[in-house]
Each structure stands twice: as structure tokens, then as C-alpha cells.
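These notes concern the structure reproduced below.
Heavy-atom basis, side chains included; hydrogens, waters and symmetry copies ignored. Chain A is the first sequence line, chain B the second, and so forth, proteins listed ahead of strands; every chain is numbered from 1.
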Amino acid sequence: MPVSRPESSDSRIIAHVDMDCFYVQVEQRKNPDLRGKPTAVVQYNSWKGGGLIAVGYEARKDGVKRSMRGDEAKEVCPGIHLVQVPVARGKADLTIYRVAGSEVVSILARKGRCERASIDEVYLDLTDAAETMLKETPLESLESIDEEVLKSHVLGLSSDGKDDRESSVREWLQRKDADHRDKLLACGAIIVAELRLQVLRETEFTCSAGVAHNKMLAKLASGMNKPAQQTIVTSASVKELLETLPVKKMKQLGGKLGSSLQTDLGVNTVGDLLQFSEEKLQDFYGVNTGTWLWNTARGINGDEVQGRLLPKSHGSGKTFPGVRALKTVAAVEKWLKELCEELNERLQSDLEKNKRIAHTLTLERLPYCDFSKATLPHRQSKTISLLFKKQTLCPWSQSLSQNVQTTNAWSYKVDEIDQSVIEELPLEIQQEFRTWLRPQKRPNIMKRGSSIADYFSPTKN
DNA sequence: CATATTACTTCA
DNA sequence: TGAAGTAA
């Protein structure tokens, strides 16, 4: 739970940029025939037409939902174009979407601190850029205001939703009597509109954005007017906005905490939270979460935009339907190898592109739940250090399935990471490694191949 | 029978 | 520090 640093007068300018049905846009750029047509992206076509993971706006108009199967989508929208996610090594391969996401990040990072929040979302801290703009070009004197920024939705502006919205947005942007924070928001909106146009010019992708004084409100706003639009949250609009907002719509409150607020405290909207003292909330949920909730009710959020353009981790996984799907050790090893090879390829390109090297590896089995059949209820995971330790990784012999015939459980041993990998790193990082490694005892370094799987030597127990 | 990731927190 | 919980 993020701890909100109470910030009495938070005049930061924060934007949240969200790509519109991103996977669909990537596929439409690849195949322009699909532009303007109802389109969705599916994976695994064989069972009920595959699962939808992205739905274009034309298809949404016909009632297609993300929760649907391909077959179901065809029923409500017979003309829909279903594009399959690329498959490599027998599993979905999201590489093209990751690469497209990076294209967008590199553009959005030009005007301020940028945080890659997911494959298709970023936060921007535009405070400095907005302040600079306000100093150098007073808004009242702006001759030509960008077409795009005039299409902004300004929360709390009475004309929002009317015909002549553009002229009232222009009026709002240039108001002489506007307070300083509103002027900064206006500058933020101009910058974001420019960035969104640059994204469109350079990548052909549209996106939506929210501009506010903190991350929480910016995120809320980016989803309010989609696709290809932006929404500005003025301080004056916050109270009304949160008053009727269902708690479940708020980031972090979509899960168990949100449910607990409803059932245990009778809190249904964020506004309902205002009735509770900070102390009361802390008693119920602990100091951190309690304070965070108290601030959230007031539209206060101190979370900083982390300057981070790259993901912190890489993962590769596949779902196997039912406990019967993976019934032999050979099958488990086969799929483990496929997953390792994908991971290896991605770590390799991360090393080349970003000079980064992985130092921990986690193997994880997710829960499998079925009402009638046997279930594997809880997650199991095993984490190892790739750098120093000799450890054993053997979590799966019983847990993958009761049907795995393993009287002799199998395990993997990890040695030190291959020296040749370290040698490819920049000199200063190599130096760092040597200092880390010196006090450790060095196990014999055996020559290994390029696959992560090669870092594990299968042994019998 | 069926998504694939990613990030962050909590607890021992 | 590793395993599990929560959330998106």
C-alpha cells in the first residue's frame, strides 16, 4: 500500500497517459486494412474462439466486452476481426506490444520525469515544464492555442458537454483571474496535448490523458474520456468528483480493501470516507493504510512519479487448464525449457540494449481453481540468487499435480552465473561485481550455453 | 478444462 | 531474504 505523504499545497502537475485499446492499435498499424473496422485481439483460438485481451472502440459499440470469448464476440458482432496474439515456443508472445510500448515511452519522456507504469501507461511529472511555460509565455497572450488542447475536458467547467465547449475551454485556459495552480494545470494540458500529437505523428497511436495535481487524480481522469481525449482535474472539481465516485473505481480499492470498506464500514463512495477520522481508519486498517484512505477521501496523494523508463522485471508464463494438463515430468521439463528460453532471449536483449543483468530468478506456480474438479489453491514460488548461492529449487514434485509420477523428486541446482555474461557488462559495472564477489567463495565455473535452463543442472534426489 | 504479465506490500 | 498476498 503506497504511503501518501500529506502535502498541504500540492502544486505539482502530473499527467497519466493511457494508450487506447493498445494491442488493437498495434495490430491495426501492422495491418492498416483493419483501421476503422471492429477489431479485437485474442489469444488461443482453439477453445471457444480464444480469450479477448483487447477490444477496439468500433467493436465496443457493438457490445463486445473484454471478458468475452472469441465465439461470443462473433455472436454480438458478426463482422468483428479477431487478430491472434503472435505465438512463439507454443505460447503467447507479447514482444511486439512491449516494443511498441517502449516507442511511446521514449516520446513521452521528452518533457519531464516519466514513469513507465505498465506496457501501455505512463505517469509524467510536468511541474518544471509547466512552470517554465507559465513564466515565459503568459497564457493570456497565447495567440494560437493548439486545436488539440481545446478539445480537453475540464472537470468543473459548467460547459463541459455542450456544443461550444471549445470556446469555453479557451476561455478557461486564458482566464486572467485564474489561480496559480489552475494556470499551471492549463500549461500542463497544453504540454500533454502536444505530447499526444507527437505520439500520434511518430507512432500512429492515439492515447488519452489525465492532468491533475497528483497521480491518483491524473489516473482517474485519464479514463474518463476515451479514446484520444484528455481530461483536466481542477482543484475546485475534486470534492464533487469524489463525492459520488464508487470506492471500487479508485486505484488500489478494486480488490479486498475496497470490499472491506463496503461491507465493514458501509462506505460505498470515496466521499463516504470523509465521515471517518484518520484515527478510526488507522484503527481499522493500520497506520499507513488508514492515513492513505483519509488522504484519498480528500483527493490528497503524495506518491511521486518515479523516473523509470524500463520494467523492473521480466516474466514468462503459461496457463495449463486443469490439474491433468501437465501430467508427466517430461511435460513439465519441456514447458519449463520453453519459458526459460523466452526469458533468456529477453534478458539477452535487455543486456544488449540497457546493460542490465538479472540477479534473481523466481519460479512460480499460480493457483488453479475449479469448482467441481481438483484444485491447486495457493501460489507456490521459489526464489534464487543467480549470482552467488548454491541452492536447490525443487518446489514442483508434489505441487504441480498429484498425477506427476515422481517417486524420485527432481530438483535443480544453481551455480554461479556464467563469467562470460559479466564480461559483457560495462567496465564500471564489472568492477562493482568484482567487489561483490570477492568476499564470496567462488564455486567452479562451468561453461554453459545461452539458455537460462543451462544455469540449472537437473539432479536426482 | 483455458490470459500474461508487472509491481509492490506483508509476514516470518 | 524468501514466500505469499494484493492489485492492476
Indicate every side-chain donor-acceptor pair of residues 33-41 of chain A with a distance under 3.5 Å to a residue at least two apart or in another chain.
from, atom 1, to, atom 2, distance (Å)
A:R35, NH2, A:E204, OE1, 2.7
A:K37, NZ, A:D33, O, 3.1
A:T39, OG1, A:K37, O, 2.8

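- Both A:K318 and A:A117 lie near DNA chain B, and the one whose nearest nucleotide falls closer to the 5' end is A:K318.
- A:D272 is linked by a salt bridge (charged side-chain N to carboxylate O under 4.0 Å, His left out) to nothing, counting only residues two or more places apart in sequence or in another chain.
- Not one side-chain nitrogen or oxygen of A:K256 sits closer than 4.0 Å to the OP1 or OP2 atom of B:dT9.
- Using a cutoff of 4.0 Å between basic side-chain nitrogens and carboxylate oxygens, A:D350 and A:R356 are scored as salt-bridged.
- Between A:R365 atom CZ and B:dT3 atom P the separation is 15 Å, expressed in whole Å.
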Could you pull out all donor-acceptor pairs under 3.5 Å where a side-chain atom in residues 84-103 of chain A meets a protein atom, sequence neighbours excluded?
from, atom 1, to, atom 2, distance (Å)
A:Q84, OE1, A:N45, ND2, 3.0
A:R89, NH2, A:E345, OE1, 2.5
A:K91, NZ, A:E342, OE1, 2.6
A:D93, OD1, A:T95, N, 3.0
A:D93, OD1, A:T95, OG1, 2.5
A:Y97, OH, A:E27, OE2, 2.6
A:S102, OG, A:R98, O, 3.1
A:E103, OE1, A:R29, NH1, 3.1
A:E103, OE2, A:R29, NH2, 2.9

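- Applying the side-chain hydrogen bond (donor to acceptor under 3.5 Å, both in side chains) criterion to A:K48, with sequence neighbours excluded, gives no partner residue.
- Atom NZ in A:K215 sits about 14 Å away from atom P in C:dA8, given to the nearest Å.
- Going from atom CD of A:Q252 over to atom P of B:dT10 covers 11 Å, rounded to whole Å.
- Residue A:K48 is out of contact with every strand shown, counting any heavy-atom pair closer than 4.0 Å.
- Taking only side-chain atoms of A:L94, from C-beta outward, the nucleotide of B:dT5, B:dA2, B:dT6 with the closest atom is B:dT5.
- Salt bridge status for A:E333 with A:K337: absent, with no side-chain N to carboxylate O gap under 4.0 Å.
- Side-chain proximity of A:K251 to C:dA8, B:dA4, C:dA7: nearest is C:dA8.
- Here the P atom of nucleotide C:dA8 and the CG atom of A:D18 are 14 Å apart, to the nearest Å.
- The residue A:T319 sits close only to the backbone: its heavy atoms come under 4.0 Å of sugar-phosphate atoms, none of a base.
- Each of B:dT5, C:dA4, C:dA7 was ranked by its minimum atom distance to the side chain of A:R346; first place goes to B:dT5.
- Contacts with DNA chain B (heavy atom under 4.0 Å) in residues 53-77 of chain A: A:I53, A:R66, A:R69, listed by number.
- The A:R116 side chain lies nearest to B:dT6 when the options are B:dT3, C:dA8, B:dT6.
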Next item on the list: Give the C-alpha distance, both sets of side-chain angles, the deciding distance and a yes or no for ring pair (Phe, Tyr, Trp, His ring centres under 6.0 Å) between A:W335 and A:F320.
Entry: CA-CA 10 Å; A:W335 284 109; A:F320 299 93; 5.5 Å; yes
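- Taking atom CD of residue A:E121 and atom P of nucleotide B:dT5, one finds them 17 Å apart after rounding to whole Å.
- Distance A:L366 CG to B:dT5 C1': 10 Å, rounded to the nearest Å.
- Each of B:dA7, C:dA8, B:dA4 was ranked by its minimum atom distance to the side chain of A:A92; first place goes to B:dA4.
- Here the P atom of nucleotide B:dA2 and the CG atom of A:L52 are 16 Å apart, to the nearest Å.
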All N/O donor-acceptor pairs, side-chain side in residues 69-76 of chain A, below 3.5 Å, sequence neighbours left out:
from, atom 1, to, atom 2, distance (Å)
A:D71, OD1, A:G49, N, 3.4
A:E72, OE1, A:R69, N, 3.4
A:K74, NZ, A:I80, O, 3.2

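- At least one side-chain nitrogen or oxygen of A:R98 sits closer than 4.0 Å to the OP1 or OP2 atom of B:dT6.
- For B:dT5, neither phosphate oxygen OP1 nor OP2 lies less than 4.0 angstrom from any side-chain nitrogen or oxygen of A:Y97.
- Under 4.0 angstrom from either OP1 or OP2 of C:dG2 there lies no side-chain N or O belonging to A:T362.
- Separating the CG atom of A:L82 from the C1' atom of B:dT3 is a distance of 15 Å, rounded to the nearest angstrom.
- Residue contacts for A:S46: at a heavy-atom cut-off of 4.0 Å it reaches no nucleic acid atom on any strand shown.
- Salt-bridge check for A:K318 with A:E338: failed, with every basic side-chain N at 4.0 Å or more from each acidic carboxylate O.
- Look at the C1' atom in both C:dA7 and B:dA4: the space between them is 15 Å, to the nearest Å.
- When heavy atoms are screened at a 4.0 angstrom cut-off, A:G51 is found touching no nucleic acid atom at all.
- In this structure, the nucleotide among C:dA8, B:dC8, B:dT3 sitting nearest to the side chain of A:K312 is B:dC8.
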